[in-house]
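Okay, structure first, notes after.
When a ligand or atom number is given, it counts from 1 through the structure's own listing order. Because only heavy atoms are used, hydrogens play no part in the values below, and waters and symmetry mates are left out as well, while side chains stay in. Please read these numbers as outputs of a predicted model, since none were measured by experiment.
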Amino acid sequence: MDYHVKDLNLADKGKNRIEWAAIEMPVLKLIGDRFEREKALEGVRIAACLHVTTETANLMLALKRGGAEVCLCASNPLSTQDDVAAALVKHYGIPVFAVRGEDRDTYYEHIWECISRFPHIVMDDGADLTSTLHMIAFRDFERMPEQVKRGLEGIDADALLSNVVGGTEETTTGVIRLRSLEKEGKLKYPVIAVNDAYTKHLFDNRYGTGQSTIDGILRATNRLIAGSFFVVCGYGWCGRGVAMRAAGMGAKVIVCEVDPVRALEAVMDGYLVMPLIEAARIGDFFVTVTGDISVLRKEHFEVMKDGAILANSGHFDVEIDLKALRAMAKSVKRVREYVDEYTLEDGRRIFLLGEGRLVNLVAAEGHPAAVMDMSFANQALSAEFLWTNRGGLEPRVYSVPEELDREVASLKLKSMGVEIDTLTEEQIKYLSSWEIGT
Ligand code: NAI
């Protein structure tokens, strides 16, 4: 079996951690049990480009139990857990191409490895597989990474593409990329926006990113949150979670937004809301979670306090303008494992965590398994849905079917031992008719 991981000797440690995560993933386990019974994904080749974590490992195992042939590469060069990658190869026979800290060339070599297996289904977190496949479809050699160009030699590119039944997308940023492809009429196959399922973003983006972002900041810095000014840029699903958890630890939270409705919500939730240029002067911690580019930039660095700490939890490392920060610094020094100290001309120091990449995955372990249980249950059910409905879907971005979303919620409640009420016949009638008044 081909693979590329850091060190197979790490496999036993990885296996223990994968099993630890499994304890908190009962919904995915139930789905895996059914997949195995029904051989739901027999012979389906799945290429997955996801953060290589213990939770992702459990998703790979559930798909494999259903009969799928899976191949995994990383969706971020710094988020791979090398022990997990090793365990998947050694103990579970799953080809993995991911090494923590891999450079850009290796990153794309790994993406190509998964694509070159002629997948039926592609599973993305940030749309890198799908955008690479679309570069291939449009013969966009200018933007195409060299590794992909080289790999394509001697391969029937049209056959590769026509083999793809559909894709799934895990995160907000990926869905934005896909919708823009769809809008331009260029999307080549159906993709399910897993991120948009309620049982994904309400829990994963909010509680998962909320907790793990704070976890990443704490592990990287060991600084006290209580009493600090904690600036959250972006009050979407992730931003709400980060703000909530920072406030819970005693921070004075400042929210910066561009959307008036979200800004108003932050005001009513009890946070200070102001333009970033004002927050920049007082913040101790800054977290970007917008999915946008150059949110924290030169004009903000210029007015920050000595010792300000910057972290990003948005998908790409573009939210903090690193080029500007580097240009303003007279020296840069790594002072702790995930902390780089930028000393500016006037002597002020700005600390950047995790090189501006997803702080929760770089400096901590990503989302806790209990929320990924739901996100990845949606992924698994969406893969099955794509396979069952192959040929019958249009090349567009689909939502997770409502019944799947509800099924995930019901299974999660059941696994938690929580029961809920059901509508009576009278209530069903009342809620579905217009005639009945008071
Ligand atoms: P969202 O769309 O719900 O929220 C983004 C918010 O940022 C919006 O309210 C928008 O108005 C605001 N915004 C955009 N540009 C801004 C600017 N220049 N200044 C201030 N606010 C701005 O998105 P969601 O789900 O919260 O995701 C945010 C990012 O986090 C995405 O890149 C997503 O892919 C990523 N993500 C990261 C995870 C992680 O593990 N760290 C997990 C899930 C999502």
Looking only at heavy atoms, which two atoms of Glu55 and Glu365 are closest? And how far apart? OE1-O, 4.5 Å

Can you say whether the rings of His51 and His315 are parallel (under 30°), tilted (30 to 60°) or perpendicular (over 60°)? tilted

Can you classify the ring geometry of Tyr271 versus Tyr235 as parallel (below 30°), tilted (30 to 60°) or perpendicular (above 60°)?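 Geometry flag for Tyr235 against Tyr271: perpendicular rings.
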
Examine Tyr3 together with His110 and report whether their ring centres are nearer than 6.0 Å. no

Short question: side chain of Lys200, backbone of Ser375 - any donor-acceptor pair under 3.5 Å?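 No, Lys200 side chain to Ser375 backbone: no donor-acceptor pair under 3.5 Å.
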
Ring-face cation contact, Trp387 with Arg390, 6.0 Å cut, 45° max: yes

Atom pairs, nitrogen or oxygen, ligand 1 to protein, under 3.5 angstrom:
{"from": "ligand 1", "atom 1": "3 (O)", "to": "Trp237", "atom 2": "N", "distance (Å)": "3.2"}
{"from": "ligand 1", "atom 1": "3 (O)", "to": "Arg262", "atom 2": "NH1", "distance (Å)": "3.2"}
{"from": "ligand 1", "atom 1": "4 (O)", "to": "Arg262", "atom 2": "NH1", "distance (Å)": "3.4"}
{"from": "ligand 1", "atom 1": "9 (O)", "to": "Glu257", "atom 2": "OE2", "distance (Å)": "2.5"}
{"from": "ligand 1", "atom 1": "9 (O)", "to": "Arg262", "atom 2": "NH1", "distance (Å)": "2.8"}
{"from": "ligand 1", "atom 1": "11 (O)", "to": "Glu257", "atom 2": "OE1", "distance (Å)": "2.8"}
{"from": "ligand 1", "atom 1": "15 (N)", "to": "Asp292", "atom 2": "OD2", "distance (Å)": "2.9"}
{"from": "ligand 1", "atom 1": "18 (N)", "to": "Asp292", "atom 2": "OD2", "distance (Å)": "3.3"}
{"from": "ligand 1", "atom 1": "25 (O)", "to": "Thr172", "atom 2": "OG1", "distance (Å)": "2.7"}
{"from": "ligand 1", "atom 1": "25 (O)", "to": "Asn205", "atom 2": "ND2", "distance (Å)": "2.9"}
{"from": "ligand 1", "atom 1": "26 (O)", "to": "Trp237", "atom 2": "N", "distance (Å)": "3.1"}
{"from": "ligand 1", "atom 1": "26 (O)", "to": "Cys238", "atom 2": "N", "distance (Å)": "2.9"}
{"from": "ligand 1", "atom 1": "27 (O)", "to": "Thr172", "atom 2": "OG1", "distance (Å)": "3.4"}
{"from": "ligand 1", "atom 1": "32 (O)", "to": "Thr173", "atom 2": "OG1", "distance (Å)": "2.5"}
{"from": "ligand 1", "atom 1": "32 (O)", "to": "His315", "atom 2": "N", "distance (Å)": "3.0"}
{"from": "ligand 1", "atom 1": "34 (O)", "to": "Thr171", "atom 2": "OG1", "distance (Å)": "2.6"}
{"from": "ligand 1", "atom 1": "34 (O)", "to": "Thr173", "atom 2": "N", "distance (Å)": "3.1"}
{"from": "ligand 1", "atom 1": "34 (O)", "to": "Thr173", "atom 2": "OG1", "distance (Å)": "3.3"}
{"from": "ligand 1", "atom 1": "40 (O)", "to": "Asn360", "atom 2": "ND2", "distance (Å)": "2.8"}
{"from": "ligand 1", "atom 1": "41 (N)", "to": "Ser313", "atom 2": "O", "distance (Å)": "2.8"}
{"from": "ligand 1", "atom 1": "41 (N)", "to": "Asn360", "atom 2": "OD1", "distance (Å)": "3.1"}
{"from": "ligand 1", "atom 1": "41 (N)", "to": "Asn360", "atom 2": "ND2", "distance (Å)": "3.3"}

